2 protein chains.
Amino acid sequence: MRHSAPLSLSPLRKAGLKSTPGRRAVLSVLAKLASPASADQIYTKVGTQTCDRATVYRILDSLDEAGLLQRVIVRGKKLYLPEEPSHHHHHVVCRKCNSTVCLDQCLISPLEKKARQLGFHSIRHTLQLTGLCSKCTTST
Amino acid sequence: MRHSAPLSLSPLRKAGLKSTPGRRAVLSVLAKLASPASADQIYTKVGTQTCDRATVYRILDSLDEAGLLQRVIVRGKKLYLPEEPSHHHHHVVCRKCNSTVCLDQCLISPLEKKARQLGFHSIRHTLQLTGLCSKCTTST
DNA sequence: ATTATTGCAAACCCTTTGCAACTTA
DNA sequence: TAAGTTGCAAAGGGTTTGCAATAAT
């Protein structure tokens with residue numbers, strides 16, 4: 001008799017990715033973020049001795065591919081934040097201080113539906129709202 | 001008596017930007033795009049003798065700032081497409097061949113409203129839908 | 001045992017910058 | 001004339017790559 005699958009697979013295994021120390025560390029760092037962080041900031045938070053910078057980039061790619069994080073662009077730079085597969089939603093990010101607030105919803109499905117009708121499949125989306133938060137009241 | 005304003009200002013002048021050959025050329029290239037293009041592709045289409053590559057980057061920045069183009073990220077790369085200020089909407093871009101289709105609507109305003117209620121202002125958004133078009137039927 | 005993942009270090013590419021010259025309004 | 005814009009060329013930063021070694025299933 002074969003082993004039965006564990007009752008709850010880690011998010012990584014569910015996504016078909018191997019569970020490595022680097023990936024677990026990156027996921028853990030993402031989960032604790034107060035606001036979106038750059039690849040390099042994540043590399044630092046993970047601990048530069050935990051894994052190589054290049055590996056962090058590869059990990060972020062694999063997690064993105066697996067839908068385990070959200071990538072947003074603020075001021076032209078890529079930032080990463082965690083994604084809970086069970087509750088997809090979006091955020092506003094302050095263009096000045098990167099502070100972030102959940103908007104708790106995703107209103108994209110009608111657009112996805114239309115895209116599907118137009119022959120597209122494997123549809124993904126990224127929505128980025130940016131603004132200036134109340135603490136950063138300034139122009140532009 | 002002073003000169004009265006022209007009946008119709010160019011989009012550039014309306015945006016408070018000076019009308020230069022480079023900007024006009026970039027706008028014209030954008031308007032003719034069949035699918036989103038990278039800064040470098042735009043530089044090539046504009047004609048490398050028309051203006052410098054660095055200038056194209058500066059122009060794209062100013063047009064983005066002015067809301068005269070849309071910037072999207074496909075496969076992690078920045079691509080540009082035209083934006084008609086009178087009719088803001090979104091697109092699906094094929095992750096394989098970059099082909100693009102209009103979705104004709106923007107459903108973001110409820111999210112923007114909520115962000116405003118949370119103290120954000122000067123809100124902007126970028127929405128990117130990507131998928132695989134019918135011609136590129138493949139996995140992933 | 002097989003396949004995926006990582007480290008290392010170099011290469012790459014995209015993008016930005018400073019400054020003087022030149023346009024545009 | 002004043003302010004904004006451009007060219008040039010060089011620097012900068014973020015990101016990717018190849019390959020051998022290593023770890024996960």
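Just so it is clear: chains get the letters A, B, ... in the order the sequence lines come, proteins before strands, and each one is counted from 1. None of these values were measured; they are calculated from a predicted model.
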Q. How far does OG1 of A/Thr100 sit from CG of A/Leu33, to the nearest 0.5 angstrom?
A. 9.0 Å
So which protein nitrogen or oxygen atoms get under 3.5 Å of nucleotides 22-25 of chain D's nitrogens or oxygens?
from, atom 1, to, atom 2, distance (Å)
D/dA24, N3, A/Lys18, NZ, 3.4
D/dT25, OP1, A/Ser19, N, 3.3

Q. With sequence neighbours left out, what residues match B/Ser19 under side chain to side chain donor-acceptor pair (under 3.5 Å)?
A. B/Arg24
Q: List in numerical order all residues of residues 27-38 of chain A for which some heavy atom is under 4.0 Å away from an atom belonging to DNA chain C.
A: none
Q.
Checking A/Arg71 now: which residues fulfil salt bridge (Lys or Arg N to Asp or Glu O under 4.0 Å) with it, not counting sequence neighbours?
A. A/Asp61, A/Asp64
(Q) Please list all pairs meeting side-chain hydrogen bond (donor to acceptor under 3.5 Å, both in side chains) that have one or both residues in residues 43-53 of chain A, counting only residues at least two apart or in different chains. (A) A/Asp40-A/Arg53
Q: Figure out the CD1/C1' separation between A/Ile73 and D/dT15, and round it to whole Å.
A: 13 Å
Q | B/Ser86 backbone acceptor or donor facing B/His88 side chain under 3.5 Å | A | no
Q: Name all residues meeting the side-chain contact (heavy atoms from CB on, under 4.5 Å) criterion together with B/Leu79; count only those two or more places apart in sequence or in a different chain, and write none if there are none.
A: B/Pro36, B/Ser38, B/Val72, B/Val74, B/Asn98
Q. Can you list the steps and then say if B/Arg95 with A/Ser122 is a side chain to side chain contact (heavy atoms under 4.5 Å, CB included)?
A. CA-CA 10 Å; B/Arg95 283 194 294 276; A/Ser122 302; 3.5 Å; yes
Q | Strand contacts (DNA chain D) in residues 46-61 of chain B, 4.0 angstrom heavy-atom criterion | A | B/Thr50, B/Cys51, B/Asp52, B/Ala54, B/Thr55, B/Arg58, B/Ile59
**Q.** Divergence of helical axes at both termini of the helix from C/dA1-D/dT25 to C/dC14-D/dG12 - five pairs an end, 10° steps
**A.** 40°
(Q) Going 5' to 3' along DNA chain C, which are the first and last nucleotides with any atom under 4.0 Å from a heavy atom of chain B? (A) C/dC14 to C/dA25
Q | Pair listing, side-chain hydrogen bond (donor to acceptor under 3.5 Å, both in side chains) test, anchored in residues 102-116 of chain B, at least two apart | A | B/Glu112-B/His125
Q. Side chain to side chain contact (heavy atoms under 4.5 Å, CB included) between B/His90 and B/Gln128: does it pass, once the steps are laid out?
A. CA-CA 7 Å; B/His90 298 289; B/Gln128 302 140 218; over 6 Å; no
Q: Can you measure from NZ (A/Lys96) to SG (A/Cys94) and round to the nearest 0.5 angstrom?
A: 8.0 Å
Q. How would you list, by chain and number, every residue that makes a side chain to side chain donor-acceptor pair (under 3.5 Å) with B/Arg13, sequence neighbours excluded?
A. none
Q. Taking CZ from B/Arg75 and C1' from D/dT15, how many angstroms apart are they, rounded to a whole number?
A. 17 Å
**Q.** Of all pairs that satisfy salt bridge (Lys or Arg N to Asp or Glu O under 4.0 Å), the ones with a partner from residues 26-38 of chain B, not counting sequence neighbours
**A.** none
Q) Starting at CZ of B/Arg23 and ending at C1' of D/dT6, how long is that distance when rounded to a whole Å? A) 10 Å
**Q.** Touch class at under 4.0 angstrom, heavy-atom based, for B/Lys77 against every strand present
**A.** nothing
